[in-house]
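Taking it in order: structure first as structure tokens, then the write-up.
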Number of protein chains: 2
Amino acid sequence: MLDPIESLRGRGLSVTAQRIAVLRAVSGRPHGTADDLAEDVRREIGTISRQAVYNALGTLAAHGLIRRIQPSGSAARYEDRVGDDHQHLVCRSCGEMVDVDCAPGETPCLNVVDDAGYEIDEAEVVYWGTCPKCLKAR
Amino acid sequence: MLDPIESLRGRGLSVTAQRIAVLRAVSGRPHGTADDLAEDVRREIGTISRQAVYNALGTLAAHGLIRRIQPSGSAARYEDRVGDDHQHLVCRSCGEMVDVDCAPGETPCLNVVDDAGYEIDEAEVVYWGTCPKCLKAR
DNA sequence: TCCAGAAATTGAAATAATCAAAATAATGCT
DNA sequence: AGCATTATTTTGATTATTTCAATTTCTGGA
């Protein structure tokens with residue numbers, strides 16, 4: 001992971017204890033929710049307001065330092081793997097989320113038949129299934 | 001659109017005025033939120049409780065009569081196009097959602113490099129971009 | 001028609017996220 | 001380093017979406 005302070009400076013963002021801690025938390029717990037991350041941050045710097053967590057996550061995501069994922073039926077999650085085109089695999093049963101790398105070169109049908117005049121900038125893929133643990137539990 | 005009563009019977013579901021109206025509403029307003037649909041239903045049958053709308057949507061989705069979509073940063077939406085593999089295109093600016101058909105035969109990388117032991121049953125794709133209206137408005 | 005189970009209504013509540021105003025901290029300049 | 005400006009954080013309230021639980025009503029089958 002890049003130094004949080006450098007990362008913030010690099011984007012022209014103010015460097016605050018909260019943002020640094022949030023960045024670290026996202027690194028340390030990939031796919032954490034805002035609530036998960038707030039807990040981690042509190043463990044690191046003692047206290048932070050909910051609002052500051054949301055602000056930091058929003059700002060960091062807007063500047064491409066982290067990525068926001070919004071799976072069906074769960075709070076938004078955040079991760080610091082950005083810039084590669086990995087996707088996510090979510091367990092329908094327990095909600096666990098893991099990264100998956102797509103076969104290189106096989107960009108998922110970015111050529112849609114009819115783009116309806118939209119300017120498309122991202123194709124987001126979520127794979128749904130059942131994780132090994134939940135498969136065993138049946 | 002199939003007859004709502006037949007659709008319900010076909011799945012062994014009780015036929016209620018609320019479910020029929022919800023099915024019709026979903027047909028008539030693709031990509032509507034629960035709230036949008038509740039309004040439409042009220043226009044048709046006068047009154048329905050919020051809970052009944054959610055129950056109906058949940059049940060219908062669970063039985064494959066409708067599909068639930070959960071785009072980042074918006075309430076869940078519903079549509080009655082099921083059984084084909086069309087995907088969605090969402091405008092980042094105004095939130096509008098339209099259907100897109102993928103180029104036939106180009107199933108989006110269903111062969112992930114490492115499935116982490118998951119049993120994958122669905123690949124959900126959301127295209128993000130800017131709609132023609134919002135492009136013009138710039 | 002009547003009964004048992006399913007679904008709807010009602011009202012409260014949980015969850016996730018955002019808003020707004022005041023207090024605090026960071027940055028840039030001298 | 002000190003100070004003013006601007007951005008960020010805190011605080012507390014608020015919205016939006018969805019779910020829970022108890023009661024009433026309706027549906028489908030005997």
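A note on names: the letters A, B, ... follow the listed sequences, proteins ahead of strands, and every chain is numbered from 1.
The terminal axes of the helix from dT1(C)-dA30(D) to dT30(C)-dA1(D), fitted over 5 pairs per end, subtend an angle of 40° to the nearest 10°.
For the atom pair CD1 of Ile69(B) and NE2 of His88(B), the computed distance is 3.5 Å after rounding to the nearest 0.5 Å. Note that CD1 of Ile120(A) is 12.5 Å distant from SG of Cys131(B), once rounded to the nearest 0.5 Å.
Under 4.0 Å is where a charged nitrogen must lie from a carboxylate oxygen, and between Glu122(B) and Arg92(A) at least one such pair does. Using a cutoff of 4.0 Å between basic side-chain nitrogens and carboxylate oxygens, Arg81(B) and Asp101(B) are scored as salt-bridged.
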Distance-only donor-acceptor hits, side chain of residues 16-23 of chain A, under 3.5 Å, sequence neighbours excluded:
from, atom 1, to, atom 2, distance (Å)
Thr16(A), OG1, Arg19(A), N, 3.1
Arg19(A), NH1, Ser14(A), O, 3.0

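For the pair Ile45(B) CD1 and dT9(C) C1', the computed distance is 12 Å after rounding to whole Å. When the P atom of dT9(C) is taken as reference, atom CZ of Arg19(B) falls 12 Å away, rounded to whole Å. Taking atom CG of residue Asn55(A) and atom C1' of nucleotide dT18(C), one finds them 9 Å apart after rounding to whole Å. What separates CD1 of Ile48(A) from P of dT11(D) is a distance of 11 Å, to the nearest Å. Taking atom NE2 on His63(B) and atom C1' on dA6(C), their separation rounds to 12 Å, with Å as the unit. Put simply, CG on Leu23(B) is 14 Å from P on dA7(C), counting in whole angstrom units.
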Using a 4.0 Å cut-off on protein heavy atoms (strictly under), produce a 5'-to-3' string for nucleotides 14-30 of chain D with B for base contact, S for backbone-only sugar-phosphate contact, and - for none.
---SBBB------SS--
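Annotation for Arg50(B): atom CZ does not count as buried by contact number, only 12 or fewer foreign heavy atoms lying within 6.0 Å.
With hydrogens and angles disregarded, no donor-acceptor distance shorter than 3.5 Å links the side chain of Arg67(A) to the backbone of Tyr78(A). Checked by atom type and distance alone, the side chain of Arg11(A) pairs as donor or acceptor with a backbone atom of His63(A) at under 3.5 Å.
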